[in-house]
J.: 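The structure that follows is given in the form of structure tokens.
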Amino acid sequence: MDIATQAIEGGFVDPVFDAQTVFRAVMDAMARPGTLQPLPVFARPPAPLSATAGAIALALCDNDTPLWLDLVLQGPAAIKSWLGFHTGAPLANTPADAHFALIATPAEMMALDGFSQGTQDYPDRSTTLILQVSDLVSGAPLLLEGPGIERTATIAPAQMPRHFVEQWKQNNQRFPRGVDIILATPEGVACLPRTTRIKTMEA
């Protein structure tokens, strides 16, 4: 299949309904950090962009939201064409220019402070990171506390960066600035908003 055909195929079948469903799942996941919000397969983007991450991009990105792709996703021309055709989002020149960042290999991603942190007056201008992870159970267990969590929640996302918890503590300290994270799994989405506090689970 040529790149032009790949770019056109695999988008939302029912754009309005599908986008609303994905958007609602992301908002519910942001409101209840650490919970998995199930999502059916709405999009079939070119590999290695996952179906869930692709659907999130289609629901959230438009021509006003510069998008950053990590090295794995920057390579295939079909991915850029697909995202461009279905969202109109321009590619950001640097991570600090991006409203959204799609990360296929979170274990190798750059530090969180390399992305846009927003400003004190406009904290919403920070980057939202969309991380592709295979599951929420096989990684290092993380203990979550904060708004939207009754007492504590636990998730163990796979393929996270080695010093993620330390980086996240620094992210908390920048509040109201700082990044938010959407975890895209094959089953659905979970979120780590900047207000969530994360600790490693002591064995």
Side-chain angles (χ1 to χ4, degrees), residues 19-37 39 49-50 52-62 64-70 73 83 87 89 92 94-107 109-133 136 139-140 142-149 152-161 163-185 188-199:
Q20 287 175 341
T21 304
V22 175
F23 184 78
R24 191 178 310 117
V26 172
M27 291 299 103
D28 287 348
M30 281 284 181
R32 292 193 282 282
T35 62
L36 179 68
Q37 302 295 325
L39 263 187
L49 183 60
S50 74
T52 305
I56 294 166
L58 296 195
L60 301 184
C61 299
D62 59 32
D64 292 325
T65 56
L67 182 61
W68 172 258
L69 307 178
D70 75 354
L73 297 176
L83 289 166
T87 71
T94 70
D97 296 325
H99 284 217
F100 294 97
L102 281 168
I103 312 290
T105 53
M109 78 176 184
M110 60 184 292
L112 298 179
D113 60 9
F115 295 95
S116 174
Q117 305 295 309
T119 65
Q120 291 296 118
D121 291 333
Y122 298 101
D124 58 331
R125 291 184 181 169
S126 65
T127 308
T128 297
L129 310 184
I130 303 165
L131 309 188
Q132 292 185 186
V133 294
L136 299 176
L142 305 175
L143 187 71
L144 313 182
E145 299 175 332
I149 303 169
T152 60
T154 309
I155 58 170
Q159 296 117 359
M160 294 296 277
H163 301 292
F164 175 69
V165 173
E166 290 79 0
Q167 289 186 49
W168 192 259
K169 283 179 179 156
Q170 294 167 1
N171 193 58
N172 288 151
Q173 289 162 7
R174 286 188 281 270
F175 188 84
R177 298 161 63 239
V179 301
D180 302 306
I181 289 179
I182 301 172
L183 300 168
T185 79
V189 295
C191 289
L192 300 172
R194 68 193 77 177
T195 50
T196 300
R197 299 182 299 279
I198 301 177
K199 300 175 188 168

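The basis for the numbers below is simple: all heavy atoms, side chains too, and nothing from hydrogens, waters or symmetry mates. Remember, predicted model here, so these are calculated numbers, not experimental data.
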J.: Would you indicate whether the side-chain heavy atoms of Ile56 and Val189 approach each other to under 4.5 Å?
T.: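 Of all side-chain heavy-atom pairs linking Ile56 with Val189, at least one is under 4.5 Å.
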J.: Sequence neighbours left out, what passes side-chain contact (heavy atoms from CB on, under 4.5 Å) with Leu36? Give chain and number order.
T.: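 Partners of Leu36 under the side-chain contact (heavy atoms from CB on, under 4.5 Å) test: Leu136, Thr185, Glu187.
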J.: Just jot down the salt bridge (Lys or Arg N to Asp or Glu O under 4.0 Å) partners of Lys199, sequence neighbours excluded, or say none.
T.: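 Partners of Lys199 by the salt bridge (Lys or Arg N to Asp or Glu O under 4.0 Å) criterion, ordered by chain and then number, come out as Glu145.
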J.: Taking only residues two or more places apart in sequence, or in another chain, which ones meet Arg194 in a salt bridge (Lys or Arg N to Asp or Glu O under 4.0 Å)?
T.: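 Salt bridge (Lys or Arg N to Asp or Glu O under 4.0 Å) check on Arg194 returns Asp180.
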J.: Can you list everything that forms a side chain to side chain donor-acceptor pair (under 3.5 Å) with Asp97? Sequence neighbours excluded, please.
T.: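 If we apply the side chain to side chain donor-acceptor pair (under 3.5 Å) test to Asp97, skipping adjacent residues, the hits are Thr94.
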J.: Testing the basics here: between Ala184 and Ile130, what is the closest heavy-atom pair and its distance to 0.1 Å?
T.: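 Nearest pair, atom of Ala184 first, then Ile130: CB-CG2, 4.4 Å.
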J.: Write down the atom of Ala59, the atom of Ala19, and the distance for their closest heavy-atom approach.
T.: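 Shortest heavy-atom contact: CB-O, 3.8 Å.
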J.: Where do Ala92 and Trp68 come nearest, in terms of heavy atoms and distance?
T.: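 Where Ala92 meets Trp68 most closely, the heavy atoms are O-CE3, 3.7 Å.
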J.: What pair of heavy atoms forms the shortest contact from Met30 to Ile181, and how long is it?
T.: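 Here Met30 and Ile181 meet closest at CE-O, 4.2 Å.
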J.: To the nearest 0.5 Å, how far apart are CG in Asn172 and OG1 in Thr196?
T.: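 One gets 8.0 Å once the value is rounded to the nearest 0.5 Å.
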J.: CG/Leu143 to OG1/Thr152 distance, rounded to the nearest 0.5 angstrom?
T.: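 Atom-to-atom, Leu143:CG and Thr152:OG1 are 5.0 Å apart.
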J.: Taking side chain as C-beta onward, heavy atoms only, is Leu192 less than 4.5 Å from Phe164?
T.: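 Leu192 reaches Phe164 side chain to side chain.
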J.: For a quick test of your reading: what N or O donor-acceptor pairs under 3.5 Å do the side chains of residues 109-118 make, sequence neighbours left out?
T.:
residue : atom : partner : partner atom : Å
Ser116  : OG   : Gly118  : N            : 3.4
Ser116  : OG   : Arg125  : O            : 2.9
Gln117  : OE1  : Arg174  : NE           : 2.8
Gln117  : NE2  : Leu112  : O            : 3.0
Gln117  : NE2  : Phe115  : O            : 2.8

J.: Using only atom types and a distance under 3.5 Å, with no angle test, would you say the side chain of Ser126 pairs donor to acceptor with the backbone of Gly178?
T.: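 A pair under 3.5 Å: yes.
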J.: Are the side chain of Thr127 and the backbone of Ala98 linked by a donor-acceptor contact shorter than 3.5 Å?
T.: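 Judged by distance alone, yes, a pair lies under 3.5 Å.
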J.: Which residues pass the side chain to side chain donor-acceptor pair (under 3.5 Å) test with Thr195, not counting sequence neighbours?
T.: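 If we apply the side chain to side chain donor-acceptor pair (under 3.5 Å) test to Thr195, skipping adjacent residues, there are no hits.
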J.: Taking atom CG of Asp124 and atom NE2 of His99, what is their separation to the nearest 0.5 Å?
T.: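 Answer for the CG-NE2 pair, Asp124 versus His99, is 8.5 Å.
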J.: At what distance, to the nearest 0.5 angstrom, does OG1 of Thr128 lie from CD1 of Ile182?
T.: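 The OG1 atom of Thr128 sits 6.0 Å away from the CD1 atom of Ile182.
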J.: If you define the side chain from C-beta out and look only at heavy atoms, does anything of Thr65 sit under 4.5 Å from Leu60?
T.: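 In short, these two side chains do not touch, never coming nearer than 4.5 Å.
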J.: Is there a side-chain contact between Pro106 and Val133 (heavy atoms, below 4.5 Å)?
T.: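 Pro106 reaches Val133 side chain to side chain.
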J.: Only counting residues at least two apart or in another chain, list the ones meeting side-chain contact (heavy atoms from CB on, under 4.5 Å) with Ala57.
T.: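 Result, side-chain contact (heavy atoms from CB on, under 4.5 Å) vs Ala57: Cys61, Leu83, Leu102.
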J.: How long is the span from the SG atom in Cys191 to the CG atom in Leu144, to the nearest 0.5 Å?
T.: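 These two atoms lie 11.5 Å from each other.
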J.: For residues Leu49 and Gln132, determine if any side-chain heavy atom of one lies less than 4.5 Å from a side-chain heavy atom of the other.
T.: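 Yes; the side chains approach each other to less than 4.5 Å.
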J.: Would a 4.5 Å heavy-atom cut-off, applied to side chains only, mark Met160 and Leu131 as touching?
T.: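 The answer is yes; the side chains approach within 4.5 Å.
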J.: With Thr105, which residues qualify under side chain to side chain donor-acceptor pair (under 3.5 Å), at least two apart?
T.: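 Thr105 satisfies side chain to side chain donor-acceptor pair (under 3.5 Å) with Asp70 only.
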J.: Closest heavy-atom contact between Pro123 and Pro176?
T.: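 Smallest interatomic distance, heavy atoms only, reads CB-O, 3.2 Å.
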J.: For Leu142 and Ile198, which heavy atoms make the closest approach, and how far apart are they?
T.: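 Where Leu142 meets Ile198 most closely, the heavy atoms are CB-CG2, 3.8 Å.
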